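Chain identifiers are assigned alphabetically (A, B, ...) following the order of the sequence lines, protein sequences preceding nucleic acid strands; residue numbering begins at 1 within each chain. Everything numeric here is computed off the predicted structure, so don't read it as measured data. Values below: every heavy atom of this structure, side chains too, minus hydrogens, waters and symmetry copies.
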Protein chains: 2
Amino acid sequence: MDALLDLPQLRTFFTLAQTGSFTACARRLNRTQSAVSHAMARLEELAGVRLLERRGRSLGLTEEGRRLYQACEQVFATLDAASEDLRRHQSLSKGRLRVGATVEFGSSILMRHMQPFLAANPDLEIDFTLSHDLLAPLLRDDLDLIIDCLEHLLPSLKKTPLFRETYVVACAPAFRKAHRIRVPGDLGRCPVLSLDKAGTWWNRFLMAVPGRDQPQLERFIAIDHIRAMIHAAAEGMGALLVPRYSVLEELERGDLVALFPAIRPAEDRFSIYQKKVKASQEKQKLLTRYLQGLSPAEFGS
Amino acid sequence: MDALLDLPQLRTFFTLAQTGSFTACARRLNRTQSAVSHAMARLEELAGVRLLERRGRSLGLTEEGRRLYQACEQVFATLDAASEDLRRHQSLSKGRLRVGATVEFGSSILMRHMQPFLAANPDLEIDFTLSHDLLAPLLRDDLDLIIDCLEHLLPSLKKTPLFRETYVVACAPAFRKAHRIRVPGDLGRCPVLSLDKAGTWWNRFLMAVPGRDQPQLERFIAIDHIRAMIHAAAEGMGALLVPRYSVLEELERGDLVALFPAIRPAEDRFSIYQKKVKASQEKQKLLTRYLQGLSPAEFGS
DNA sequence: GTCCATGCATGAATAGTACTCATGAACAGG
DNA sequence: CCTGTTCATGAGTACTATTCATGCATGGAC
């Protein structure tokens with residue numbers, strides 16, 4: 001009857017209208033800007049009408065776009081309600097699910113969000129394994145799934161993208177003041193915390209800095225534990241480069257301040273790696289879907 | 001936020017609930033039964049709940065299914081309204097579009113449905129070419145698109161499936177009475193109309209008849225024009241095998257009656273073959289989408 | 001006015017999904 | 001019990017969406 005409207009496209013259009021920017025929308029939906037652009041092109045072509053007003057920097061909706069937006073509001077309201085309803089009534093899975101994650105991610109972010117999930121599925125028992133070496137236990141059958149930003153090395157694992165891991169450079173407010181840090185170049189003079197002694201840890205940042213602003217980092221302090229590094233930074237020991245999720249609280253409380261927000265180090269993509277076994281498959285899906293449902297903002301992207 | 005619900009799947013679920021049968025639903029949506037089955041499997045797996053009650057012959061909805069159905073009603077109502085709205089407001093295309101079809105299909109079905117389309121797009125001029133040999137004019141640039149059940153021989157043509165062409169065996173009511181036709185085998189005794197002298201035309205039917213009922217057709221009357229064949233049959237000259245769409249009116253008026261409804265000869269698939277030229281591309285899409293929007297029932301499938 | 005930064009568009013290659021075809025199993029009617 | 005439906009399942013394929021890598025335009029700073 002219709003064949004005219006495609007849900008993912010509409011969802012994109014909807015959040016695009018809300019965010020007001022292709023890039024922002026893409027980040028919110030865990031897509032690339034290109035994907036959003038393509039999707040909107042398809043949608044407009046399908047509709048046969050221009051829906052967006054591109055005026056350089058800002059963008060708005062056309063008359064038709066506004067009407068479509070209203071339709072979207074309704075549609076997504078009922079749709080989300082329906083899927084919420086389904087989620088509630090789905091037969092509760094019983095049994096055990098063994099989840100792995102790196103300590104840093106697991107202890108900070110993951111734990112925070114597991115509570116509601118466990119509350120919703122009281123019959124599910126979950127074991128968490130937080131370590132740095134997750135692959136071994138996964139292979140040894142100790143784990144059903146892990147959450148990490150590995151490359152996809154094992155074909156036997158199903159990979160489901162979760163969110164983008166963004167990095168921030170940060171330091172204690174007093175530290176910034178003391179060293180008068182304003183541009184990346186200023187970092188050359190002050191101590192920086194690194195996971196490794198050689199300081200290769202900071203390459204991710206350096207590569208994102210425009211050529212002429214390149215700081216010559218020299219005074220590295222090596223700490224091989226992220227949590228410890230964060231505490232050290234909060235005490236004013238130096239600047240650090242960490243996944244944003246690991247310092248959400250510190251940033252909020254003001255223990256740390258983010259430096260150079262304009263510079264965006266390369267992102268990694270956290271994914272869920274599922275082991276393909278029948279026994280825990282349903283439970284894996286349950287958790288996977290729950291985590292996918294969380295907005296990227298919850299992970300600090 | 002959701003990622004839980006997929007529109008095509010819901011549409012399938014929706015019409016499945018209405019038709020009450022996988023096969024019927026498939027026919028309505030121009031898919032195979034297999035596709036419907038797969039889609040429902042995915043949907044239920046996604047929802048985590050059984051939505052359908054399979055009880056052998058008949059099928060019903062579970063409690064959750066019923067709720068989802070209601071959500072669908074709402075969603076599709078607004079969605080269809082929205083796309084209707086868009087269609088109305090899309091910039092009217094101007095210019096000429098050259099359409100080809102086989103005489104039989106073109107004169108009977110196509111014409112019947114072009115009126116509303118032309119009314120909706122008054123600035124569009126359409127030329128129809130109805131002939132048996134359509135490929136030549138298409139290549140010679142005389143046509144922008146054709147509607148037929150060709151195989152896809154030219155890679156330069158974009159193929160868009162439209163509907164399934166089903167075949168019926170029919171004859172005049174008096175003819176059936178006179179020859180006491182009840183089972184396929186009975187056809188052996190009476191004259192049958194064929195497009196070709198050898199009677200290969202009837203193979204499509206014969207191949208669908210279970211082995212032991214195979215009639216030995218012997219008395220062929222060759223008429224190389226379908227319309228003429230239909231008139232002949234209506235006069236009681238013999239039984240005929242034709243695409244259902246070509247005799248919709250005759251069947252309705254009772255000039256012809258369908259024989260052996262249980263036997264379904266192999267179907268062909270009508271498609272729209274579009275020439276990839278910029279000039280008429282938009283207009284091609286307009287027409288294509290309009291025809292796709294018509295329910296298969298309108299074409300007699 | 002020129003330069004640079006940012007935001008969107010475009011095109012080719014790829015990954016992932018949904019369809020079809022060909023079977024298989026279960027159930028009802030003769 | 002056999003025959004004919006109806007739905008499920010699995011392998012192969014076609015197609016669609018996404019990404020990556022660019023290109024183009026606009027707005028702001030100097």
Side-chain angles (χ1 to χ4, degrees), chain A residues 3 6-12 16 19-27 29-46 50-60 152 155 158-161 164 208-213 260-264 266-267 269 271, chain B residues 3 6-13 16 19-27 29-46 50-60 152 155 158-161 164 183 208-213 260-264 266-267 269 271:
Chain A
D6 186 39
L7 206 48
Q9 273 170 27
L10 285 184
R11 180 69 82 173
T12 308
L16 175 56
T19 59
S21 143
F22 279 59
T23 12
C25 170
R27 211 170 291 139
L29 294 175
N30 257 316
R31 307 256 125 84
T32 57
Q33 171 269 319
S34 176
V36 177
S37 183
H38 277 295
M40 289 306 95
R42 276 195 303 271
L43 183 60
E44 287 188 319
E45 205 234 350
L46 210 59
R50 260 199 145 13
L51 298 168
L52 302 166
E53 273 181 11
R54 283 98 161 158
R55 344 172 257 251
R57 195 118 321 210
S58 76
L59 96 161
H152 198 187
K158 190 188 167 194
K159 180 179 180 180
T160 311
R164 299 179 130 78
V209 178
R212 28 144 231 208
D213 298 338
F260 332 124
I263 292 169
R264 302 229 185 87
E267 303 172 347
R269 305 183 60 134
S271 299
Chain B
D6 187 39
L7 206 50
Q9 272 171 27
L10 285 183
R11 180 69 82 173
T12 308
F13 171 75
L16 175 56
T19 58
S21 143
F22 279 60
T23 13
C25 170
R27 211 170 291 139
L29 294 175
N30 256 317
R31 306 257 120 82
T32 57
Q33 171 269 321
S34 178
V36 177
S37 182
H38 278 294
M40 290 305 95
R42 276 195 303 270
L43 183 61
E44 287 188 321
E45 205 233 350
L46 210 59
R50 262 204 145 9
L51 299 168
L52 302 167
E53 273 180 12
R54 283 96 161 157
R55 348 171 256 250
R57 190 117 326 207
S58 77
L59 96 162
H152 198 187
K158 189 187 168 195
K159 179 179 179 179
T160 310
R164 299 179 130 78
V183 294
V209 177
R212 30 139 232 211
D213 297 340
F260 332 124
I263 292 168
R264 300 228 186 87
E267 304 173 346
R269 305 183 59 134
S271 300

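As rounded to whole Å, 11 Å separates atom C1' of D:dC15 from atom NZ of B:K158. Rounded to a whole Å, the CD atom of B:E53 is 16 Å from the C1' atom of D:dC7. At whole-Å resolution of the value, CG in A:L59 and P in C:dT6 are 18 Å apart. Per the geometry, CG belonging to B:L7 stands 16 Å off C1' belonging to D:dA17, to the nearest Å. Rounding to whole angstrom units, CD of residue A:E44 and P of C:dT10 are separated by 10 Å. A:L43 places its CG atom 14 Å from the C1' atom of D:dA17, with the value rounded to the nearest Å. Atom C1' of nucleotide D:dT19 and atom CZ of A:R27 are separated by 17 Å, given to the nearest angstrom.
Take A:E45 and apply the side chain to side chain contact (heavy atoms under 4.5 Å, CB included) test, not counting sequence neighbours, and it matches B:K285. Scored by the salt bridge (charged side-chain N to carboxylate O under 4.0 Å, His left out) test, B:R50 finds B:E44 as partners (sequence neighbours excluded). Residues satisfying the side chain to side chain contact (heavy atoms under 4.5 Å, CB included) criterion with A:A41, sequence neighbours excluded, are absent altogether. Residues passing the side chain to side chain contact (heavy atoms under 4.5 Å, CB included) test with B:P8 are B:D6, sequence neighbours excluded. Residues passing the side chain to side chain contact (heavy atoms under 4.5 Å, CB included) test with A:S34, sequence neighbours excluded: A:T32, A:H38.
Contact annotation: B:R54 side-chain N/O to D:dA8 OP1/OP2 distance is under 4.0 Å.
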Q: Could you run through nucleotides 12-23 of chain C and give me one letter per nucleotide, 5' to 3': B if any protein heavy atom sits under 4.0 Å from the base, S if only the sugar-phosphate is that close, - if neither?
A: ------SSBBB-
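Contact of the B:L16 side chain with the B:L52 side chain is registered, since non-hydrogen atoms from C-beta on lie closer than 4.5 Å.
Looking at heavy-atom distances under 4.0 Å, A:S37 makes contact with a base.
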